[in-house]
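Presented below is the structure to which this report refers.
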Amino acid sequence: MDKQYDSKLAEEKWYKFWEDQQLFDADPDSPKPAYSLLMPPPNLTGNLHLGHAMQHVIMDALARFKRMQGFDVLLLPGVDHAGIQFEGTLEKLLAKENLSKGKLGRDKWLERAWKFKDEIYASFHSTWKVMGISADWSREVFTMEPKVQRTVFEEFDRFWKEDLLYKGAYIVQWCPKCGTAIEDVEMEYEERKEKLYYVKYTLVGTAGKEWVTVATARPETIFADVAIAVHPDDPRYKSFVVREARKPLYKRGAPGEDRVVIIQDSRVDREFGTGALKITPGHDPLDYAIGKDHHLPLLHTIDKHGRMTELSGDLEGLKIDQAREQAAEKLEQLGALEKTEDYTHSVPICERCKTTVEPLISEEWFVKMTPLAEKALANMDKINFLPSSYKQILSEWIEHIHDWSISRSLWWGYRIPVWYCDKCNPHHLVGKTRDMIVSLEKPTKTCQTCGEHHWIQDEQVLDTWFSSGMWPLATLGWPGSQSSESLIADSEASLKADNSPEWNKMQKYFPWSFELSSGEIKYLWIARMIMLSLHFADQIPFSNMFFHGQIRDLQGRKFSKSLGNGIDPNQMREEWGTDASRMALYSYTAPGRDGRANKQTMDERAKNFRNFSTKLWNIAKFVLESSVLSHQSSDQARLEPGRIVQGDALHEDDWWIREELDKLITSVTKNIESYQLHLATESIYDFIWHTFADIYLEKSKTRRVEAQPTLEHVLKVSLQLLHPFMPFLTEELWSKLTGEKTESIMLSRWPSRR
RNA sequence: GGAUCCCUAGCUCAGUUGGUUAGAGCGACUCGUUUACACCGAGUAGGUCAGAGGUUCGACUCCUCUGGGAUCCACCA
């Protein structure tokens, strides 16, 4: 045996060996029971980071463990196209070449996007392989491949037929920089010190003698005010109700000019400001709700680029911040500004680009979620959540569900499969089904209204989560042969031909046995998979849902490029080897617990496990060299290490270590089965180093020949127990222990007690 | 404004139904290189388990409150 373990050599050699032997592939025809793990598809945005590495390494350990236990394991990998995030990444790249979406145009841009996708893909693959991930690469799925397209179309089409889809003008959270509506869950909040402006609205017919003062942080939106609301029980404003006031900023000739009506609404907070609230339905969610209930008109003073509209008079074209300043100045000049106060509040910003989010009115597609939510809530008990508290957290969110806005103004993603007759329905309104069709490809039929053929597809794409929410089903080929008629009727033959009954075969793996995620996307992704799977397949998507914590920096901040506090898993692996890096990660996998690390602390940990590799290597060296020494006397025992030499009573040390080993088998098995990988790895580590090596092996030196069968047995079982976590080293030593001709440790049977 | 989680050795963290002297790794210190291993071995120091009450024969573990930190939710203009 070599003096030192060469981890790099072993990694290359064994990964290739496993792939060549097809040891990672699932077999739907196998009589073995299924155990399925669905890899959360990383976003197509660049390199895999430490968090991904942790996720994949957790899944891999479970997959390897279950294979050894005799399951037909499916560990299915994939990648998510990640609409907004991908576009953002590509945009930055293009900017360096002085290019942009606008300059390229849709077709050229898409061409470029697909190329970029391939580059990222290649980098993902190399990382996965060097991390030793034993996924079934033959079944890898990308969220924008034809298989998923079928699923997504089916999803949309069924929603449509079930009358759960609608399009309408709604107040959405709009990111002016990304140029698209985003979900509440895609926003963050940032504490900002701003000003609260106390603005006077004089009452009509009092010659400026009476007025209402309104406190607002957004004087620039006064142009779009349509009312002032007060609380019904507020005595201060009883006499004002139903009267009209003049807003101090308005555009001459604009609808309603300067008039706003004073209304009552119990949603107004009497304690805040003056207790009077200006109502701007076009630019504030609460105002929108109040405005809708009181049948107030909608005015727009800010457009989708974050600039003031024509309604804003002199301020037209200005950015919001500038407009605010100028509006304040104007109010001052007009004597309408009573006072200003410092005001700290949290402002919604876009999670991705950190731009201030603007509530705006936009035409968007929505899915009615109530029926899906009800079904999900009734089935939450069927899923085992780790930590268990997530069941309640998710249930509460689902209970308070609101309709899901699924359209995004992007190019990267699934174009909404709706076609409008450009002649009969030029504004692409919805509700007139005669001149619109849901179809994957351009309809061949004619418009029922005009009898002609002017079909134009909806410009927007579907929210990324509309497809990733179907991940558990899409990856297995749902709906297979059960797909709906419109797919077949309205689409090209290529899709029909590809419409294999894969789903029937792959249902063996559904629901998935195990899924994992960071808590961050519990609503965006996890809750939706639960709702969608139950809705479409009538089953929960997975029976075990594991939420891991996040690794943060030493101050507890998230890793981010801008902070430069990230840790590169590739670099770690380069320096300490894959197995050691994996072990370092397992120590952070207590369910739901965040961990803190920087480059240095991660290195310390990885180094420790690198040393552990060496330790184990040396243990094996000792055992195997001893076996050479004792070759003549106990040949039999060497060939079958577990076998106790007949007629010999075991030495008390042998009994002891075998007892300890049995206890280890029990605890490791139990800990992996309950997804406590940090405990499993710790106990194996402790046993091998501090029980087996430090105590037993030392003692055995005085009676080597007699101890040899036990030494070999304990080593062999230790390797098996460790294999899910340190696959390369254990395979390497396994081959040395059992002889090069024997089969992979992956095919060995998970140890059980004597 | 609600909700959840966390505060254990200098640092990063374990501690699964409450039960004997509270653990690991790294770091520190003292010894030790006699062939498995210095990427090592033997050992030492270091914690009133955030604080205060309560339940209990017994609490790091359960309950209440206080302080500190994190996260999530919510229509605070």
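So you know, we letter chains A, B, ... as the sequences are listed, proteins then strands, and number each from 1. When reading the values below, keep in mind they use all heavy atoms of this one structure, side chains included, and skip hydrogens, waters and symmetry mates.
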For K195(A), all residues meeting salt bridge (charged side-chain N to carboxylate O under 4.0 Å, His left out), sequence neighbours excluded:
D342(A)
Across all chains, not counting sequence neighbours, the side-chain contact (heavy atoms from CB on, under 4.5 Å) partners of D321(A) are none
Once salt bridge (charged side-chain N to carboxylate O under 4.0 Å, His left out) is applied, do any residues pair with D403(A), and if so which ones, sequence neighbours excluded?
none
Whole-Å gap separating C1' (G27(B)) and CD (Q600(A))
10 Å
Taking the same atom, C1', in G41(B) and in A36(B), what whole-Å distance lies between them?
12 Å
Step-by-step side chain to side chain donor-acceptor pair (under 3.5 Å) determination, D653(A) to Y696(A):
CA-CA 7 Å; D653(A) 290 349; Y696(A) 180 78; over 6 Å; no
Qualifying residues under salt bridge (charged side-chain N to carboxylate O under 4.0 Å, His left out), relative to E341(A), sequence neighbours excluded:
K339(A)
Inter-nucleotide C1' distance (G67(B), A9(B)), Å rounded:
22 Å
Using atom P in both nucleotides, what's the gap between U21(B) and G58(B) to the nearest angstrom?
15 Å
Residues passing the side-chain contact (heavy atoms from CB on, under 4.5 Å) test with Q326(A), sequence neighbours excluded, are L315(A), L318(A)
Is the distance between the ring centroids of Y523(A) and W397(A) under 6.0 Å?
yes
Would you kindly give the NE2-to-P distance between H231(A) and C76(B), to the nearest whole Å?
16 Å
Suppose you measure atom P in G46(B) against the same atom in G23(B); what distance do you get, rounded to whole Å?
14 Å
Rounding to the closest angstrom, what is the interatomic distance between A14(B) and G47(B) at atom C1'?
15 Å
Take R552(A) and R270(A), find for each the nucleotide of RNA chain B with the closest heavy atom, and name the residue whose nucleotide sits nearer the 5' end.
R552(A)
Distance in angstrom units between E341(A) CD and A77(B) P, rounded:
13 Å
Taking only residues two or more places apart in sequence or in another chain, which ones pass side-chain contact (heavy atoms from CB on, under 4.5 Å) with H49(A)?
H52(A)
Closest to the 5' end of RNA chain B, once D686(A) and K670(A) are matched to their nearest nucleotides, is K670(A)
Just how far, in rounded Å, is P of U16(B) from CG of N384(A)?
18 Å
What one should report as the nearest heavy-atom pair of L719(A) and L737(A) is CD1-CD2, 4.2 Å
Want to know the stems of RNA chain B: at least 3 consecutive Watson-Crick or G-U pairs with distances under 3.5 Å, which are they?
B:1-7 with B:67-73, B:10-13 with B:23-26, B:28-32 with B:40-44, B:50-54 with B:62-66
Which letter, B, S or -, goes with each nucleotide of nucleotides 1-15 of chain B from 5' to 3', with contact meaning a protein heavy atom under 4.0 Å?
-----------BSSS
I need a per-nucleotide contact map over nucleotides 36-47 of chain B, read 5' to 3'. Cutoff is protein heavy atoms under 4.0 Å; write B for the base, S for backbone only, - otherwise.
BB-BSSS-----
Between C65(B) and C29(B) - P atom distance, rounded Å
46 Å
Rounding to a whole Å, what distance do you find between E194(A):CD and C76(B):C1'?
14 Å
Could you state the NE2-P distance from H400(A) to C73(B), rounded to the nearest angstrom?
14 Å
Looking at every strand, decide which applies to F609(A) at a 4.0 Å heavy-atom threshold: base, sugar-phosphate, or nothing.
nothing
What do you reckon, are the aromatic ring centroids of Y685(A) and F609(A) less than 6.0 Å apart?
yes
Applying salt bridge (Lys or Arg N to Asp or Glu O under 4.0 Å) as the test, list every pair that has at least one member in residues 574-584 of chain A; sequence neighbours left out.
K8(A)-E574(A), D60(A)-R582(A), E575(A)-K599(A)
Pairs where residues 676-692 of chain A contributes a residue and the test salt bridge (Lys or Arg N to Asp or Glu O under 4.0 Å) is met, not counting sequence neighbours
none
Suppose you measure atom P in G15(B) against the same atom in C31(B); what distance do you get, rounded to whole Å?
37 Å
Rounded to whole angstrom units, what separation is found between the CZ atom of R267(A) and the C1' atom of C75(B)?
9 Å
I need the CD1-P distance between I279(A) and C76(B), as an integer number of Å.
14 Å
Provide the distance between the two P atoms, one in A28(B) and one in U64(B), to the nearest whole Å.
43 Å
Not counting sequence neighbours, which residues clear side-chain contact (heavy atoms from CB on, under 4.5 Å) with D594(A)? List them please.
Q550(A), R552(A)
